[in-house]
Every structure is written in C-alpha cells, then in structure tokens.
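Start at 1 and go down the list; that is how both ligands and their atoms are numbered.
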Amino acid sequence: MMELVFATNNKHKLQEASQVLPEDLLLLNLDDIGCEEELAETADTFQGNALMKAEYVFKNYEVACFADDSGLEVDALNGAPGVYSARYAGEHGNAEKNMDKLLEALKGSAHRKARFKTVIALVQPQGVHYFEGSVEGHILEEKRGDRGFGYDPLFVPEGETRSFAEMSPSEKNSMSHRARALAKMHEFLSQQ
Ligand code: IMP
C-alpha cells in the first residue's frame, strides 16, 4: 500500500483528505510520523508555503509528503486576507477574530464576492508537483452554522444558499477548494 504523509495536524483537513483520497492509500499525519514541530510557512504565496511544509517533512523524515496552503481571497479587499488568512486579525488561527475583522472590513459593502483557494505541493523522490483548487462564492453579513472551520460560517459557495458551516462534511467536500485540489492529486497519483 502506498504511504503518503499529509503535513498537517488540522483535523478538518485530515478528514477532508481521507474522504477524497482512495482507501488503498495509507494517509499519515504529522503525529503518525512523530513530527511535533510547528512547520514554518513564511513564504508570501500559497505555493511557496505549501512547498516549505512538504519539503521540510520530506527532507527530515524521508517520506513522500504533501502539504496544502489555502486561504480566502475577497475581491473588495484586493484579494486579502489571502495568504495571511490564518492570522488576519493578528493571532494565528483565531477564527472568530478573523471573521469579525472581515465583517468589519466589508461593513456596508454590497460587493462581497470571494473565493477559497488551495495549493497542494506533493514532494516525492521523483520530484515536486503542484495541484490547485478553488471555489467561488460570497461573504455573508453575519456568521451562519457551526460546522467546518476557519471562515466557513461566512462563506456561501456559488449556486448555494447555505454557508460551508451549515453543510455536512461530505457536502462541503463535493465542492471545496481543497477537495478539488486533492482530486487532482489523486488523479496524478493513480497515473504514476
Ligand atoms: P492554512 O492552509 O492551514 O495555512 O490555512 C489558512 C487559513 O485559511 C485557515 O486558518 C483558515 O482561516 C482559512 N481556510 C483555509 N481553508 C479553509 C476552509 O476550507 N474553510 C474555512 N477557512 C479556510
């Protein structure tokens, strides 16, 4: 069975990946390989950050690995918070504060178009490959739903009325940026 490490400990991301990737692939996370350090993501692009995380694990643990970097791009904010989505309000990973800051920045604005983007970097002995996924949508005027993570309560994908946080994991997975990038990686791996 092929082993592949997903360089994350984000339970939501791991769950999404295990739903999208085939069962004949043994998906490991950072805990599984004994990697306890915080992986640096100091590049200024999704691609750069994804590569930093995946390359670190590949070099230090000698295992095939992929990492994703993702974020929310809001048109009215010229693409912010983008690569800084996790620490938009200052503190890394404080979703409530990040969403409050976003609501404040868009207050009174009718122009609320946005998209989630993911870039996956896959690092194997034979080289590096990138896979991208995105989902268009808009930002609500207030939070709705309590599932998912990050900005999910504020994001309604195109053609839907519910936010990602109001959907079941499998519904979100049928259209999410990460699921789309994972599906591309899956197709690539199945052709190897
Ligand atoms: P990273 O890819 O772990 O660096 O995540 C960047 C940030 O983007 C997260 O902390 C979230 O704030 C946001 N984000 C990425 N993917 C999602 C998603 O599927 N739903 C909601 N927020 C997300």
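The residues lining ligand 1, counting any heavy atom closer than 4.0 Å, are Lys13, Glu41, Asp68, Asp69, Ser70, Gly71, Ser85, Ala86, Phe116, Phe149, Gly150, Tyr151, Asp152, Lys172, His177, Arg178.
Residue pairs meeting the salt bridge (charged side-chain N to carboxylate O under 4.0 Å, His left out) criterion with at least one partner in residues 114-131, sequence neighbours excluded, are Glu73-Arg115, Glu73-Lys117, Asp75-Arg115, Arg115-Glu136.
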Identify each donor-acceptor pair in which a side-chain atom of residues 47-58 lies under 3.5 Å from a protein atom, sequence neighbours left out, and give them as a table.
residue, atom, partner, partner atom, Å
Asn49, OD1, Thr42, N, 3.2
Asn49, OD1, Ala43, N, 2.8
Asn49, ND2, Ala43, O, 3.4
Asn49, ND2, Asp69, OD2, 3.3
Lys53, NZ, Glu41, OE1, 3.3
Lys53, NZ, Asp68, O, 2.8
Lys53, NZ, Asp69, OD1, 3.4
Tyr56, OH, Glu37, OE2, 2.7

Report all side-chain donor-acceptor pairs from residues 80-88 shorter than 3.5 Å, counting only partners two or more places apart or in another chain.
residue, atom, partner, partner atom, Å
Ser85, OG, Leu72, N, 2.9
Ser85, OG, Gly82, O, 2.6

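The backbone N or O of Ala89 lies less than 3.5 Å from a partner atom in the side chain of Asn98, making a donor-acceptor pair.
Remark: Gln126 CD is packed, more than 12 non-hydrogen atoms of other residues, nucleotides or ligands lying under 6.0 Å away. Remark: Gln192 CD is packed, more than 12 non-hydrogen atoms of other residues, nucleotides or ligands lying under 6.0 Å away.
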